[in-house]
2 protein chains.
Amino acid sequence: MKRNTWQREAVRAALADAGGFVSAQALHASLREGGSTIALATVYRTLTGLADEGEADSLQQEGELLYRACTPGSHHHHLICRRCGTTVEIEAQPVEEWARRTAAEHGFTRAEHVVDIFGLCARCTELADRASRP
Amino acid sequence: MKRNTWQREAVRAALADAGGFVSAQALHASLREGGSTIALATVYRTLTGLADEGEADSLQQEGELLYRACTPGSHHHHLICRRCGTTVEIEAQPVEEWARRTAAEHGFTRAEHVVDIFGLCARCTELADRASRP
DNA sequence: CGGCTTATCGAGAACGGTTGTCAAAACCGT
DNA sequence: ACGGTTTTGACAACCGTTCTCGATAAGCCG
């Protein structure tokens, strides 16, 4: 049976707080900073669990797994700021259809797709421009 | 200055031979099998180099980096068989445009996107079906 | 409420892929 | 062929993640 522990809730809350993609380690650090005594392994376990149950999205960037709280059950993609991690959920019916059609055309079945856009959000763009051209 | 070594050529050849996405370790193993004395670190370095120069594509799956020889200079995406690693290069202007437009709409700049489709190729689909319903 | 069962936790060790270090070897313009 | 510089190979170090295992506590049941 699945149990409810304060650790699980703490991770859920911290993830919701983050508002963008964060690594397990970063989440652990911020929890510790907030006075929690939660263990790193627990954060990893909980995040994996949340991702399995569809309460979190995950993606790999530069060799580490990032997680983000997400609206459960809905299929969507992300627009992610490379610098600050801010994330926008986006829907993309045209892409969904394109993916399905392309897979079928080549005889592929059980197709899933990865569609993410990385860039600099408006704020970070401004900051970067100011820094490079003072 | 950049130099040409037999190791570099060996990696290039092995990568072309593979015909799909392979891990650095797998490539190293197959090179060794073929009698080469190339070191693992060299395979890693060479693959990173090839990817930088646009001679290879790379993606992350289950915590490891996979590489594949690709037609240099062209921007394209992949349709990848989860089981056997076979890969088809696909072009997707509609998706390119969609990505550019979506990023711009949200004020994002310097946008890059990741678009890959994973599934089972025709051959593996047949094999899987046969196995599950004998 | 007070046991009892068993999932979950914490601490640290283990693991696997990747990258760094540095002396020795190879490359290439001269 | 020579000499400066890059690249290699062997191995250690790294880093994120997972495993192990005794301790802890959640939830059920009387």
Side-chain angles (χ1 to χ4, degrees), chain A residues 1-15 18 20-53 55-69 80 82 85 114 116 118, chain B residues 1-15 18 20-53 55-68 80 82 85 114 116:
Chain A
M1 176 217 316
K2 207 179 70 172
R3 294 180 184 176
N4 270 341
T5 64
W6 64 265
Q7 288 94 335
R8 190 174 202 76
E9 282 316 309
V11 170
R12 236 199 287 259
L15 193 59
F21 278 91
V22 266
S23 69
Q25 313 240 14
L27 211 56
H28 177 242
S30 82
L31 281 162
R32 284 282 176 151
E33 209 129 320
S36 174
T37 62
I38 195 170
L40 179 58
T42 303
V43 176
Y44 273 104
R45 280 188 290 240
T46 306
L47 285 173
T48 312
L50 290 175
D52 284 351
E53 298 155 28
E55 291 196 52
D57 283 339
S58 71
L59 62 83
Q60 279 187 316
Q61 204 194 8
E62 290 162 27
E64 66 181 0
L65 275 161
L66 304 181
Y67 293 88
R68 175 171 196 270
I80 303 139
R82 255 196 295 276
V114 177
D116 289 305
F118 296 88
Chain B
M1 177 219 316
K2 207 181 66 170
R3 294 181 181 175
N4 272 341
T5 63
W6 64 264
Q7 288 94 335
R8 190 174 202 76
E9 283 315 310
V11 170
R12 236 200 288 260
L15 193 59
F21 279 91
V22 266
S23 69
Q25 314 240 15
L27 211 56
H28 177 243
S30 82
L31 282 162
R32 284 282 174 150
E33 208 128 321
S36 173
T37 62
I38 194 170
L40 179 58
T42 303
V43 175
Y44 274 104
R45 280 187 290 242
T46 306
L47 286 173
T48 312
L50 291 175
D52 285 351
E53 297 155 28
E55 292 196 51
D57 284 336
S58 70
L59 62 84
Q60 279 186 316
Q61 207 192 8
E62 290 164 27
E64 65 180 3
L65 276 161
L66 305 181
Y67 294 88
R68 175 174 197 271
I80 304 139
R82 253 196 296 274
V114 177
D116 288 306

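Letters A, B, ... mirror the listed sequences (proteins, then strands); counts begin at 1.
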Quiz item: Below 4.0 angstrom from OP1 or OP2 of D/dT17, is there any side-chain N or O of A/Tyr44?
Solution: yes
Quiz prompt | Separation of C/dT8 C1' from A/Leu40 CG (nearest whole Å) | solution = 16 Å
Quiz item: Using the C1' atoms of five pairs at each end, what's the angle between the two axes of the helix from C/dC1-D/dG30 to C/dT30-D/dA1, to 10 degrees?
Solution: 40°
Quiz item: Could you state the NE2-P distance from B/His28 to C/dT18, rounded to the nearest angstrom?
Solution: 13 Å
Practice problem: Can you tell me the distance, in whole Å, between the OH atom of A/Tyr67 and the C1' atom of D/dG16? | Solution: 11 Å
Quiz item: Rounded to the Å, how far apart are A/Ile38 CD1 and D/dA25 C1'?
Solution: 15 Å
Exercise. Using atom CZ of A/Arg8 as one end and atom P of D/dA26 as the other, report the distance to the nearest whole Å.
Key: 14 Å
Quiz item: Which letter, B, S or -, goes with each nucleotide of nucleotides 20-30 of chain C from 5' to 3', with contact meaning a protein heavy atom under 4.0 Å?
Solution: BB----BBS--
Which atom pairs, one a donor and one an acceptor, fall under 3.5 Å between side chains of residues 40-52 of chain A and the rest of the protein, sequence neighbours left out?
unit_1: A/Tyr44; atom_1: OH; unit_2: A/Gln25; atom_2: NE2; d: 3.1
unit_1: A/Thr46; atom_1: OG1; unit_2: A/Thr42; atom_2: O; d: 2.7
unit_1: A/Thr48; atom_1: OG1; unit_2: A/Tyr44; atom_2: O; d: 2.7

Quiz item: Nearest to the side chain of A/Gln25 - C/dG10, D/dG16, C/dG17?
Solution: D/dG16
Exercise. Taking all heavy atoms of A/Arg32 and all of A/Ala39, pick out the closest pair and write down the distance.
Key: NH2-CA, 4.2 Å
Practice problem: Report the nucleotide, chosen from D/dG16, C/dG10, C/dT19, that has the shortest atom-to-atom distance to any side-chain atom of A/Glu64. | Solution: D/dG16
Quiz prompt | Closest non-hydrogen atom pair, A/Ile38 against A/His28 | solution = O-NE2, 3.1 Å
Practice problem: Give the rounded distance in Å between these two atoms: CG of B/Leu31 and C1' of D/dT8. | Solution: 15 Å
Exercise. Measure the CD1-CD distance between A/Ile80 and A/Gln61 for me, rounded to the nearest 0.5 Å.
Key: 7.0 Å
Quiz item: Under a 4.0 Å N-O cut-off, is there an ion pair linking B/Glu53 with B/Arg8?
Solution: yes
Quiz item: Which atom names give the shortest non-hydrogen contact between A/Gln60 and A/Leu65, and what distance separates them?
Solution: CG-CD2, 3.6 Å
Practice problem: Nearest whole angstrom, please: distance from the C1' of D/dT17 to the CD of A/Gln60. | Solution: 11 Å
Quiz prompt | Smallest separation among heavy atoms of A/Phe21 and A/Asp57, with atom names | solution = CE2-O, 3.8 Å
Self-check item: Contact summary for A/Leu15 and A/Ala56, nearest pair of heavy atoms
Solution: CD2-CB, 3.9 Å
Self-check item: Value in whole Å for how far the P atom of C/dT18 lies from CD of B/Gln61
Solution: 12 Å
Self-check item: Validation row: B/Tyr67, B/Leu27 side chains within 4.5 angstrom (heavy atoms)
Solution: no
